[in-house]
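Below is one structure; the comments refer to it alone.
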Amino acid sequence: MEVKVRFFDYPRQFREKEKEFMDIIRETFSRGSYILGQEVERFEQEFASFIGARHALAVGNCTDGLLLCLYALGIGRGDEVVTVSHTFVATVEVIVAVGAKPVFVDIGDDHNMDVDKVTGVLSANTKAIMPVQLNGRVCSNMDALVELADERGLFMIEDAAQSVGAKFKGKGAGTFGIAGCFSFYPAKLLGAFGDAGAIVTDDDDLADKLRMMRNHGRSADGDIKHWGMNSRMDSVHAAILIYKLGFIGAMIRRRREIAGLYHEGLSGIPCIKLPPPPVEGGDHFDVFQNYEIEAEGRDELRKFCEENGVETALPWGGKGVHQFEALGFGGVKLPRTEEFFEKALMLPLYPELSDEQVAYVVDVVNRFYA
Ligand SMILES: *Cc1c(COP(=O)(O)O)cnc(C)c1O
């Protein structure tokens with residue numbers, strides 16, 4: 001059967017607004033603006049204001065952003081950083097890259113860091129906590145995590161790669177700790193046409209330092225003040241992201257609408273566990289970067305979806321970071337995370353989906369369990 005609902009439709013993202021994008025690309029390139037420049041500065045201001053942070057620093061991608069934060073805060077050999085295994089390998093990779101040790105904590109019912117379990121994994125060497133605001137939802141109990149980090153004098157760096165615009169008690173994802181990092185990878189909610197990312201922080205000194213470190217540690221007058229790296233944003237990505245920020249509210253609204261349709265259409269099936277639905281006026285404002293369900297008979301359901309033209313995905317190939325043998329976390333046991341990955345399935349969710357397509361997915365899943 002032909003594909004009726006793609007998991008993500010890359011060409012469509014461009015085609016929907018092809019003329020606007022081509023105008024932006026032509027305008028930017030014809031001025032000879034390729035790296036950093038006025039577009040990047042303007043994007044940084046607009047993005048910081050959208051997130052509710054004092055500063056935003058545009059970087060090459062979110063992974064670099066996380067790496068730069070750890071590097072700038074002096075986290076390295078002998079230090080431990082607490083994070084989750086239910087995340088993209090990038091979160092953990094950067095901890096290892098600076099020479100520190102990742103320490104995992106299990107997930108809770110919201111599929112994010114179980115804040116109640118964090119105290120149990122802290123040691124005298126813990127320097128930072130890296131919560132991951134996965135699937136467009138801030139961890140439950142974020143205030144308790146902030147309090148714990150403050151009490152113990154730990155840095156909190158949020159991996160908010162998937163949570164542009166998400167909020168908890170009115171506060172934006174990425175603004176709870178010393179810094180937060182976002183991804184503009186094409187499939188992300190605010191996607192560029194290539195790699196791009198940003199760091200947000202309210203700390204003026206850290207912002208200055210990161211601004212230099214992303215550009216080889218160079219200050220505006222060319223003096224080298226720090227060790228750094230090359231992680232600059234391309235001007236064309238900044239120009240496109242400025243344009244897309246102009247209608248990000250509509251994109252988020254549509255994502256929440258689709259999540260609502262899934263919730264309505266699937267909540268009668270006892271064999272699947274759905275993520276929390278979008279609510280108005282509650283503690284959580286979720287932006288539904290992904291729609292991740294837990295399903296009995298997941299592999300058969302996935303096959304049935306495929307046979308009926310619905311593409312689904314396993315989060316990161318179906319494994320937590322600690323379950324990839326080559327990474328050497330053999331002794332680590334995270335029961336809830338491991339159980340989760342046996343049932344986890346991602347359904348298509350992006351603003352370009354039509355109501356008919358969503359209804360079709362709902363119908364296919366219902367037919368499977370009927
Ligand atoms: C996408 C993603 C990243 C990496 O972002 P890049 O911009 O591709 O480097 C990191 N963490 C999570 C949770 C992600 O989803």
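All heavy atoms count here, side chains included; hydrogens, waters and symmetry mates do not. Just so you know, ligand 1 is whichever comes first in the structure, and atom 1 is the first atom listed for that ligand.
In the displayed structure, E264 atom CD is contacted under 6.0 Å by at most 12 heavy atoms of other residues, nucleotides or ligands. Counting heavy atoms of neighbouring residues, nucleotides and ligands inside a 6.0 Å radius, atom CZ of R42 does not exceed 12 of them.
Of the protein's heavy atoms, D159 OD2, 2.7 Å lies nearest to atom 11 (N) of ligand 1. In this structure, atom 1 (C) of ligand 1 lies nearest to the protein heavy atom K188 NZ, 1.5 Å. Of the protein's non-hydrogen atoms, T63 OG1, 3.6 Å is the one closest to atom 4 (C) of ligand 1. Protein heavy atom closest to atom 8 (O) of ligand 1, with residue, atom name and distance, is S183 OG, 3.9 Å.
For ligand 1, the atoms closer than 4.0 angstrom to any heavy atom of A90 are 10 (C). Close approach of ligand 1 to T87 (heavy-atom distance below 4.0 Å) involves ligand atoms 13 (C). With ligand atoms numbered from 1 in the order given, ligand 1 contributes 15 (O) to contacts under 4.0 Å with heavy atoms of Q162. Interface of N61 with ligand 1, defined as ligand atoms under 4.0 Å from a residue heavy atom, comprises 7 (O), 9 (O).
The part of L134 lying near ligand 1 is the side chain, judged by heavy-atom distances below 4.0 Å.
Proximity of the aromatic rings of F14 and Y10 is defined here by a centroid distance below 6.0 angstrom, and this criterion is not met.
In this structure, the side chain of D110 engages the main chain of N112 through a donor-acceptor pair within 3.5 Å.
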